[in-house]
Amino acid sequence: MNWGFLILEIFAFGIFLYSIVLFAFYVFIGVFSIGETRKYIHQNRVTDYRRIASSLHAPSVSIIAPAYNEGLTIVDNVRSLLSIYYYNLEVIIVNDGSKDNSLQKLIDAYQLEKIDFFVPDQIPTKEVRGVYKSRNPVLRKVVVVDKVNGGKADALNVGVNIACNDYIICIDVDCVLEQDAILKMVKPFMEATTQRVIASGGVIRIANSSLVEHGSLVKVKLPKDYLPRMQTLEYIRAFLLGRMAWSRLNGLLLISGAFGAFDKEIVIKCGGYNRNTVGEDMELVVRMRRYMEERKEPYKVTYIPDPLCWTEAPASYKVLGRQRNRWIRGTYETLKFHKVMFFNPRYRLLGMVSYPYWFFFELLAPVIEFLGFIAFLVMVFAGLVDWELFFALFAVVIGFNYLYSVFAVYMEVKTYNQYRRKTDIAKLLLTSLSEPFNFHPFVVWSSIRGLVDILRNQHSWGDMAREGFDKKKA
């Protein structure tokens, strides 16, 4: 008996079964997201957000934006946050030991002066060097904190300690928010009755090539460059389909660190953001859910499908590779920290469905794909490939990928339709044709490198260099 041939056959059959289950999940997610999106649009069609914005009884919100070497865009980014109309709002900018002129730019632009301010130590953090507020009463809701560099999680924890309000919204400082973003994010917290809403996420969209002036999005344009355009399609699939379906199941494990709202009381009880992971956004959501599950308290994590937050996506393979490297390391660290939940009925849906899905189809997916490619090469050189069967299965996989992308674009057009020109829709669909041969293999390879970095005990964040909106507009 040829044991090598038998092992390859068993491995190939295992990958086939894995693919069938994965396809089934994707179909389920796509179909299940339709009902949740329709329900959200129907419920919010008649909502008068102006009453919430001006109400003294609306939930009090603190926006926390950590900044590190963001001098290129920080003034306009803060201006964008200040333009949001909401009564009970404070804006906290945490300068995490920037080495550039970020702090000085803020001081000059917003007439800041250092004040005496007691910083609670509910969550341990690195040293706070100073707290600044504006001399201009119009800018009274702005708080700028200067601290010793400790990473994004540490900066967010400082913001949580300083925040005066009941709910916190954590964002990336380079993001541009829609004017009604805060109103739509707090609505689930206001509507909660039998279940306590502990966190709510918002859809992230790609702003590359769009017109941004003085921190506000003036005109949405489809990215001109290939990588940002490919990520636009990827984000539509992930947010409009994937996370809406998991939200409907109340099984969501991840709220993007670029834009998420949290119940501050639960965040503090859980110990804040974990400084020992590069995936602090996912880890906090999982820890908050685990906290509520272990206390058997009814709770919910919601998601908002409205395009509320716009960010700059990596435009080079170098920066994109660092980003995906960090994402897979963050996923691994989060799942490792909370491995007690793996197929544990005590955690109900969280332990029996959500955690296993992320383990098998998010963490292990790049490993299985990579090993599958290696096995395929071995079988080719050994002359063991049934080429007729191979091309048939290859066509099915590629066809499924295209259909899923087409469905995601269709959902975008039928709901929020940010890209109104027919040529933009055509470009999105044409972009999807190259994904299996270019973008996706690169993402898989970046994930493999991230897992190798875990074995090498590498924990660096990686430089996420940005062009800046003003530069691109010029």
Open item on the list: With a 6.0 Å cut-off (strictly less than), is the heavy-atom count around CZ of R129, excluding the residue itself, greater than 12?
Closed with: yes

Task: Rounded distance (nearest 0.5 Å) linking atom CG of D146 with atom CD of Q104 - done: 11.0 Å

Task: E293 side chain to R348 backbone, donor-acceptor under 3.5 Å - done: no

Task: Side-chain donor or acceptor of N157 paired with backbone N/O of Y273 under 3.5 Å - done: yes

- [ ] Measure from NZ or CZ of R229 to the centre of the six-membered ring of Y226 and say whether it is under 6.0 Å with the direction within 45° of the ring axis.
- [x] no

TODO: Would you confirm whether R290, through its side chain, and H338, through its main-chain N or O, come within 3.5 Å as a donor-acceptor pair?
DONE: no

TODO: Measure the NZ-OG1 distance between K336 and T277 for me, rounded to the nearest 0.5 Å.
DONE: 10.5 Å

Task: Salt bridge K126-D96, side-chain N to carboxylate O under 4.0 Å - done: no

Open item on the list: Taking CZ in R140 as the centre, count heavy atoms belonging to other residues, nucleotides or ligands within less than 6.0 Å. Is the count above 12?
Closed with: no

Task: Whether S80 side chain and D76 backbone form a donor-acceptor pair below 3.5 Å - done: no

TODO: Supply the atom-to-atom distance L253 CG to L350 CG, rounded to the nearest 0.5 angstrom.
DONE: 6.0 Å

- [ ] Using only heavy-atom distances, determine whether the side chains of R237 and S405 contain a donor-acceptor pair under 3.5 Å.
- [x] yes

Task: Atom OH of Y410: over 12 foreign heavy atoms under 6.0 Å - done: no

TODO: Could you tell me which non-hydrogen atom of R205 sits nearest to which non-hydrogen atom of E412, and how far apart they are?
DONE: NH2-OE1, 2.5 Å

Open item on the list: Counting C-beta onward and ignoring hydrogens, is there a side-chain heavy-atom pair between F262 and L284 closer than 4.5 Å?
Closed with: yes

TODO: Please check if the side chain of T302 supplies one atom and the backbone of S200 the other of a donor-acceptor pair under 3.5 Å.
DONE: no

Open item on the list: Can you tell me how far apart CD1 (I63) and CD1 (I182) are? Round to the nearest 0.5 Å.
Closed with: 3.5 Å

- [ ] For N417, look at atom CG and say whether over 12 heavy atoms of other residues, nucleotides or ligands are found less than 6.0 Å away.
- [x] yes

- [ ] Tell me, yes or no, whether the heavy-atom count around F117 atom CZ, taken from other residues, nucleotides or ligands under 6.0 Å, exceeds 12.
- [x] yes

Task: Y40, OH: over 12 other non-hydrogen atoms inside 6.0 angstrom - done: yes

- [ ] Identify the heavy atoms of V128 and V158 that sit nearest to each other, and give their distance.
- [x] CG2-CG1, 4.0 Å

Task: Exam field: side chain N165 to backbone S60, donor-acceptor pair closer than 3.5 Å - done: no

Open item on the list: Between Y347 and Y355 (judged by ring centroids, cut-off 6.0 Å), do the two rings come close enough to count as a pair?
Closed with: no

TODO: Compare all side-chain heavy atoms of Y86 with those of P59 and state whether any distance is below 4.5 angstrom.
DONE: yes

Open item on the list: Could you check whether any side-chain N or O of T331 sits under 3.5 Å from a backbone N or O of L363, counting only pairs where one atom can act as donor and the other as acceptor?
Closed with: no

Open item on the list: Could you check whether any side-chain N or O of S102 sits under 3.5 Å from a backbone N or O of E70, counting only pairs where one atom can act as donor and the other as acceptor?
Closed with: yes

Open item on the list: More than 12 heavy atoms of other residues, nucleotides or ligands under 6.0 Å from CZ of R275: yes or no?
Closed with: yes

- [ ] Would you please classify the geometry between the Y404 ring and the F407 ring as parallel, tilted or perpendicular, with 30° and 60° separating the classes?
- [x] tilted

TODO: Look up atom CE in M244 and atom CG in L252, then write down how far apart they are to the nearest 0.5 Å.
DONE: 10.0 Å

TODO: Take M282 and W358, measure what side chain to side chain contact (heavy atoms under 4.5 Å, CB included) needs, and give me the verdict at the end.
DONE: CA-CA 11 Å; M282 178 181 181; W358 275 87; 3.7 Å; yes

Open item on the list: Could you tell me if the side chain of E333 sits less than 4.5 Å from the side chain of V278, heavy atoms only?
Closed with: yes

TODO: Taking the side chain as every heavy atom from C-beta outward, state whether Y132 and L103 have any pair of such atoms under 4.5 Å apart.
DONE: yes

- [ ] Output yes when a side-chain donor or acceptor of R289 lies under 3.5 Å from a complementary backbone atom of I198, and no otherwise.
- [x] no

Open item on the list: Can you confirm whether V353 sits close enough to L249 that some side-chain heavy atom of one is under 4.5 Å from a side-chain heavy atom of the other?
Closed with: no

- [ ] Report, as yes or no, whether the 6.0 Å neighbourhood of atom NZ on K141 holds more than 12 heavy atoms from other residues, nucleotides or ligands.
- [x] yes

TODO: Rounded to the nearest 0.5 Å, what's the gap from CD on E283 to CG on L335? Could you check?
DONE: 10.5 Å

Task: E297 and K269 ion-paired at < 4.0 Å - done: no

Task: For L156 against P66, the heavy-atom pair lying closest together - done: CD2-CD, 3.7 Å

TODO: Considering non-hydrogen atoms only, spot the tightest contact between L82 and V91 and give its length.
DONE: CD2-CG2, 4.3 Å

Open item on the list: For the backbone of Y299 and the side chain of N250, can you confirm whether one donor and one acceptor N or O come within less than 3.5 Å of each other?
Closed with: yes

Open item on the list: If only side-chain N and O atoms count, and only distance matters, is there a donor-acceptor pair under 3.5 Å linking N208 with D225?
Closed with: no

Open item on the list: Would you say that T37 contacts Y303 through its side chain, given a criterion of any heavy-atom pair below 4.5 Å between the two side chains?
Closed with: no

Open item on the list: For G271 versus I123, what's the shortest heavy-atom pair and its separation?
Closed with: O-CG2, 3.5 Å

Open item on the list: Once you measure the plane-to-plane angle for Y317 and F442, does it fall in the parallel (<30°), tilted (30-60°) or perpendicular (>60°) bin?
Closed with: perpendicular

TODO: Would you kindly check if the NZ (Lys) or CZ (Arg) of R295 is within the cone defined by 45 degrees around the ring axis of Y291 and under 6.0 Å from the six-membered ring centre?
DONE: yes

Open item on the list: Do Y235 and V203 have side chains that approach each other closer than 4.5 Å (heavy atoms only, starting at C-beta)?
Closed with: no

Task: For the student: nearest non-hydrogen atoms of G130 and K114, plus distance - done: CA-CE, 3.6 Å

- [ ] Determine whether I171 and L81 make a side-chain contact, defined as any pair of heavy atoms from C-beta on separated by less than 4.5 Å.
- [x] yes

